[in-house]
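Below is one structure, written out as structure tokens; comments come after it.
Counting starts at 1 for both ligands and their atoms, following the listed order.
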Amino acid sequence: MKITRLKANHLTAPVGNNLDDLSLSWTVEGAKAPRQKSARVEIALDRAFRKTVFDSGTRADIDSLAFNPGIALEPRIRYFWRVSVVTSKNEKASAVSTFETGKRGEAWAARWITAPFGDGSAPFLVRKTFTVDKPADVRVYCAALGIFQIEVNGQPATDEVLLPGYHSYTKQIQIQTFDIAPLLRPGENTLAFHVGWGWYRSSMGWGGSGPFGPTIGIACEVRAKSRGQDALLAVSDASWHCAPSPVLRSEIYYGEDYDARREIAGWSTNGCVAGDWAAAREFAPEAGAAGPLADRFSSPIRIQETLTPEVIKTPAGETVLDFKQELTGWVEVVNRAPAGATWRFQVGEILQKGNFYRDNLRSAEAQYTFTSDGRAGPVRPHFTFYGFRYVKLEGFPETVDPADFKALVIHSDLERTGSIETSNPVVNRLFANALWGQKGNFLDVPTDCPQRDERLGWTGDAQVFAGTACFNMDCAAFYAKFMNDLLLEQAVYDGGVPFTVPALMAWITKRESHSSCAWGDVATVLPWTVYTYYGDASLLRRQYTAMKEWVRYIKRQDDEHGGVGLWQSGFHFADWLALDNFKNPKDCIGATAPYFIASAYYARSVELTLKAAEALGEKKDAAAYAKLLKKVKAAFLKEYFTPAGRCAIDTQTAHALALHFDLVPEAFRPRLVAALVKKIEDNGKALSTGFVGTPILCRVLSDNGHADLARELLLREKYPSWIYEIKLGATTIWERWNSLLEDGTCSDTGMNSMNHYAYGSIVEWMYRNLAGLRPREDAPGFRKAVLKPDLPAGFDWVKMRFNSPVGEYKVAWRRTEKTVAFSIVVPFGAEAEVVLPAAPKTVKMNGKTVAAKNLVLRAGATTFNYAPAGQPE
Ligand code: BGC
């Protein structure tokens, strides 16, 4: 038995992260016993646990999902924590990890500095040499307006890239902490930063959003703590020195221009004499251009994997690298060019008629130019990123060696938790495509796409994909950061939720125009999803204000329009990109009436806020939300259903939504289900849903006795379908069902991405319905689960693993013509209710005959075998 996955605020040994509401979690593996008898958590200032600051004592009620010691933390301290567990069979194990606090709101001695040349927007190098007696416990605390790389004595101080990441800069600037002690030596040392534009200074968004602020710069303190001494070793001010950067131009959408001849050898080492160094300029950020400094929430972004290309010559004579996979990151190339020669890279997602193509990237130039200094070695962009599969080379010799090129895949470094494999290779490819969609769009912010001139935290996309994302990866900390930004933005939008977080379209000021249903509902859906998957009430508590504010925002629209209990005003993206708007096929908004969707989501958001109030013991709030929910549901029914239960909005999405959000009385459900099935059948057994309907459509069918129709939608090869995309070579999920037409032509360049994960939300159906694993909201974090798989035709076997916050669940089923075999593993401390599909009265459980009812499994492995009694309908 061992204790693994020790995390503080859902991060492994975080350094300098926001640790308010400290929450410790871990997993027990390999125990013989099914559950914990007791546990103990100790926190100390030293590895030997002599200076203990907290001891829970041995207690039965300690929860491995989220233990809140409730102690006051000091700034800039490394804490050691130990958890010891005793199982119900008296097995024992303990494990130690650390967490380290950042500045925690402490006064800041550093000054913002920028380059003295130009207007404060030129990329620059900046350095400082300082003295250290004993290089132990030395940390850099730094904040940036822009993007930076950090080096100490000629070495990178971290393997994180694209620092400080992308957040709501104008509301809060996140501070990074680096332990630089291993790079220091007694005496003189040099700390240096390379600073560029990044998201902060780039023109993110559209419609003239402009940069967050005009001046790029850094603020930084080097501090040492030892033997009770707290020393400030260096602090950013006008005594630091700046030089021009080899980066001539760098912008998120533009890409980067780099001239290696401008590199300064030894720029981050002691006594560097080369280069034009001048005293840094201190500055104060312009009003509104930077929020207060706060310890980071973000997870690290790192290079996660590398891919090698095939080199192709296109009919147009271009030399193009094909990485065979759409990804987000950089191309790295071995420089072999003579000094002064310039190489140019352009990226694209698809080929057209075999030729390089990039028109669907719209105004994003997405290029990289590199001017050589004649020195051989690997080179890559610094302060931008690209979404691509293909790379066009210019300025290269006629033949290039594929071994000289690599794609570096970059995303937020999150623990991979889930996987599904089935007997159907195309479905496996679909699973992989959605996972690549998540990798490509989890770059500090959950984004819509990684390639064109957006790459924004579109809230609707994040909302519909969250349930899939949390199966695939441990997203708790990633979303906690996004939700923190969301909360900060809501304050400006009077409870509303801007279309993107970080917010960009500041010109949309009208209250009824800046927040859309299904997009803004991320404010309630995401906290509840995160709570359900991770079982940490402190995260729910943190976002409870966001949930309440969002409901208040909707209710006010309702009150201002008669207070009937419906949301019938303002702009809504609604069932974005659905295929059923026959009246206006060019319109992105599908046929489902926007106010139907708005009102359905109104009910949903009130319901989720009610659930949160109950989970948090907010009884008074709960009573008020229960009353409001009743009113909204009644109004919804009155407005959109005949007394006999016919839905007035005749679309797949409307039917699916009413069923999924439980908005109709039990007696209406069969009719509604039958109508939905008929609508799909009348449409040639094809979906016609967009961003709102698609994520739930198959789940609704499966949950209402039509697993086989769900399976038919999934396995459909003809347009429109998921497999249609794969047949046309998709390696991620497209934005539109018809991003490519049947002959492979790009359908439109206006808004057409090949890496948009919204429809990848079908993967949630794979986990919940095909493999059958569902979290239970009354025992979140998968402490209790329901295993209720479908057994649709078209699959011989399915295997799923999910390393949930309590430990790993495994579900595998295999069937032959006459038998079904299940193999299930439930993790330590968990409990799963199993509902076997098509089971006869009795089944074999671990070889013994048992009744196929009320099957509750504790931790351990169990098999079931039986002859199916026919698929239940
Ligand atoms: C984005 C989306 C987003 C949508 C809003 C698009 O431009 O790429 O995915 O949700 O606009 O409707």
Ligand 1 atoms in contact with Arg452 (distance to a heavy atom under 4.0 Å): 1 (C), 6 (C), 7 (O), 8 (O)
Below 4.0 angstrom from a heavy atom of Met751, which ligand 1 atoms are there? Numbered from 1 as shown, please. 6 (C), 7 (O)
Is the closest side-chain heavy-atom distance between Asn441 and Thr328 below 4.5 Å? no
Near Asp461, which atoms of ligand 1 are under 4.0 Å from a heavy atom of that residue? 2 (C), 3 (C), 9 (O), 10 (O)
Judged by non-hydrogen atoms, does Phe499 sit under 4.0 Å from ligand 1? no
Ligand 1 to Asp448, heavy atom cutoff 4.0 Å, flagged ligand atoms 1 (C), 8 (O), 9 (O)
Ring-face cation of Arg455 near Phe385 (centre distance under 6.0 Å, axis angle within 45°): yes
In ligand 1, which numbered atoms sit nearer than 4.0 Å to a non-hydrogen atom of Glu735? 8 (O)
Quick one: do Ile597 and Leu657 satisfy side chain to side chain contact (heavy atoms under 4.5 Å, CB included)? Show the steps, please. CA-CA 8 Å; Ile597 299 177; Leu657 214 50; 4.1 Å; yes
What protein heavy atom sits nearest atom 4 (C) of ligand 1, and how far off is it? Trp576 NE1, 3.6 Å
Under a plain distance cut-off of 3.5 Å, with no hydrogens placed, do Glu489 and Ser168 share a side-chain donor-acceptor pair? yes
Test Phe482 against Phe297 for side chain to side chain contact (heavy atoms under 4.5 Å, CB included), laying out the working first. CA-CA 9 Å; Phe482 183 66; Phe297 278 84; over 6 Å; no
Is a donor from one side chain sitting under 3.5 angstrom from an acceptor on the other, for Asp444 and Ser412? no
At a 4.0 Å threshold, what atoms of ligand 1 neighbour a non-hydrogen atom of Glu454? 1 (C), 6 (C), 7 (O), 8 (O)
Please confirm whether Arg201 makes a cation-pi placement over Phe212, using NZ or CZ under 6.0 Å from the six-membered ring centre and within 45° of the ring normal. no
Looking at atom 5 (C) of ligand 1, what's its closest protein heavy atom, distance included? Trp458 CZ3, 3.4 Å
